[in-house]
Amino acid sequence: MNYLHDLNAAQLEAVQYTEGPLLVLAGAGTGKTKVLTHRIAHIIEQGKAGPHNILAVTFTNKAAKEMQERISQITQSYGLNLGTFHSVAAKLLRQYANFFDLSPSFTIINADDQVKLVKSLMVERGIDTSTYAPKVILSIISRWKDMGLLSGKVTEQDASSRPYQIALDIYRSYQTRLVQSNAVDFGDLLLYNNELLLNNPDILEMYQQKFKYILIDEYQDTNVVQYSWARMLAKQHGNLCCVGDDDQSIYSWRGAEVGNILRFEKDFAGAKVIKLEQNYRSTTPILQAAASVIQNNKHRHGKTLWTERGKGDPVRIVSCWNDKEEARFVTSEIMRLMNDKTPANEIAILVRAGFQTRPFEEALIANAIPYKIIGGLKFYDRMEIRDLLSYIRVALNLQDDLALERIINVPKRAIGDTTVKSIKAYARENNLSMFGAIEKMLELGLVKNKLGEALGILVRQFHAWGQRYQKERPADVTKGILEDSGYMAMLKEEKTDESRGRLENLNEMLRAIADFENIAAFMEHTSLVMDHDGEPDARGYVSLMTLHASKGLEFDAVFLPGWEEGVFPHQKAITEEGAKGLEEERRIAYVGITRAKKWVCITHAESRRIFHEFVNSLPSRFIAEIPPGSSLRSSSKGGSMSYRPESFTKRVVAPQSQKTGSEDSYRAGRRVNHASFGAGIIVRHSSDNLEIAFDKVGMKTIKKDFVQLV
DNA sequence: CGTTTTTGCCTTTTT
DNA sequence: GGCAAAAACG
């Protein structure tokens, strides 16, 4: 029983309350993982259920791995069903693949392939892809999947407007094509699972009996399908424990429904709710600042974090002229911290969007500070890796058109655009896969000479590789692919730094494959385990990442740059989602602040280069929500800052003085008048366009010429 | 017909 | 300041 000793009262209650539905509202840094791991260990230790009768799902592989390790430290847990939603779903679906006209070896396609498929379907039926972006159409389809809607269940009403009509049309053929290619996307993994249980009471009952205790981590991030799936599975025993924090729900754009966690007590009769409010991470001013921001949200359970850490430094809020100066300021502060013996890996810069990392990278490099971008370019997203994966995919599944198209002419083998188009046309006419079409065309002598020869070689090679995978070691066959295809030779020929790096990456992948029994297991791993690169615990590196990527992490010092209206909160979140979008932005701010153990420094720039024009913005409204009592405001624009090197003023003033008088008068904060929209205030401006918050009609983007200064 | 060069689009967050 | 699709080139 000694594993219960280091728990506080609320944590202990959550661990011991094993029977019936339970919602654990776990604020940032309150020991959420501890509760989950101890609870699982407790169920096993008490003999309530064996590991194989417990199901625990997380969102990230990292979380799953950490939980597994920590449980193993407490008790024997062999056979525990623990994994991400997607990996658990994939495992289950492979057993019932034939229910969905798939073979158990189906491929899981990634986002890139999804967009490509949607686009090619749109082009096929003559829909203009510049008016309706394939990405947008895909996101509509994905949201339907997240809501549990197969194309047949989408109603006329769901698809009333034009983009939705297009999306529905594409959705149907998209699914057909995926099935023909023996492939599923991420959304399908859960959607099909849900359908499986809905339509097959016998299968559902079997799993209901198997899983006596179900635990869900990060419950605030679940979508409708995940909710429905878990609810069905838990129905018989009713022992569903959901752990999450409504204030940290930041994935609505991926289909997550905050409503799931807000509705918990309604959905599960007799549910118990336990709040974890003692924070073990941050100082009081940090928690106060976070609380005063998040309390502006209407839709939340509401909880008050407190700490015994005691007083600490106030949250700093610093104004800068522009993005470059902001980066230099943050970098100089980082150097100061490192001089004061704060290790680099205890320092993080958290940005709203990926492109904001650039000025920081430049400043960090200029000052020789080692840094790592977390979650930026992923190992499996690299060109050469995706090429090799495509080769493997085709070798394993000749129907995988998307993969074949990617590598059909890599390395160059004289199979160009026109040939690919004719192959696709032939495939469509005869209802064949591309590979099938090539074989048929060769058989009928429709392609001749050099082209026929090149295609013939390719066909024979893929058959050979596929057969070799059946009996030989996967790493050997894969190496064979790289050699036989000429891919390796192509890179060796190039002899640039880049090509050498690519070769190194391919070798690393061969080494990774060597750890797997069979190639199918490796492919499952690559499609579901994406967090490979940039471990945040890397010693000696400052971490640079998006706020989203920072969830679950903690650092001594956290820098939060770019707190400007339009950047953060992001303009799109507000225009597209309105008040809901703003609340989510605020939760992102909350996540950012609560990553810090000792120091938070928020900065905003008055002018920022976005694309190739200067954009002026007002400070984020979230800054105004932080009370002076827990924060300290200053400016790096001149005057009082002691750490400000001479060069700052020189460089910073220059762009300002370059502006013409008339441009300058349209700056953020000025009131303007518009003939039809009335009075408003400029929120941001670029060379031609003004973003104006009108008193009556809300946000609009207006050309400068159409408004007058008041 | 296939390869090289140029243009034109960007950028919210990702299992 | 990057990468993919279209246009020009061979």
A/F355 atom CZ is separated from B/dT12 atom C1', nearest whole Å, by 8 Å
Measure the distance between the ring centre of [X] and the centre of the six-membered base ring of [N], then answer whether it is under 5.5 Å with planes under 30°.
X	N	answer
A/F59	B/dT15	no
A/H570	B/dT12	yes
A/W253	B/dT12	no

[X], nearest nucleotide to its side chain (from [options]):
X	options	value
A/R352	B/dT14, B/dT13, B/dT3	B/dT13
A/T419	B/dC1, B/dT14, B/dT12	B/dC1
A/R358	B/dT15, C/dG1, B/dT12	C/dG1
A/A549	B/dT12, B/dT4, B/dT14	B/dT14

For A/N409, answer base if it contacts any base atom (sugar-phosphate contacts may also be present), sugar-phosphate if it contacts only those atoms, and nothing otherwise; contact means non-hydrogen atoms under 4.0 Å.
sugar-phosphate
Do we get A/R94 above A/F106's six-membered ring, with its NZ or CZ under 6.0 Å from the centre and within 45° of the axis?
yes
Between A/D323, A/N616, A/V615, which is the residue that forms a side-chain contact (heavy atoms from CB on, under 4.5 Å) with A/S607?
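Looking at A/D323, A/N616, A/V615, the match for A/S607 under the side-chain contact (heavy atoms from CB on, under 4.5 Å) is A/N616.
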With sequence neighbours excluded, residues passing side-chain hydrogen bond (donor to acceptor under 3.5 Å, both in side chains) with A/R254:
none
Of all the base pairs, Watson-Crick or G-U under 3.5 Å, which form stems of three or more consecutive pairs involving DNA chain C?
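Looking at DNA chain C, the stems formed by three or more consecutive pairs are B:1-9 with C:2-10.
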So does A/T546 get a side-chain nitrogen or oxygen closer than 4.0 Å to the phosphate oxygens (OP1/OP2) of B/dT12?
no
Encode nucleotides 3-10 of chain C as B, S and - characters from 5' to 3', where the letter depends on protein heavy atoms closer than 4.0 Å: B to the base, S only to sugar-phosphate, - to neither.
--S-----
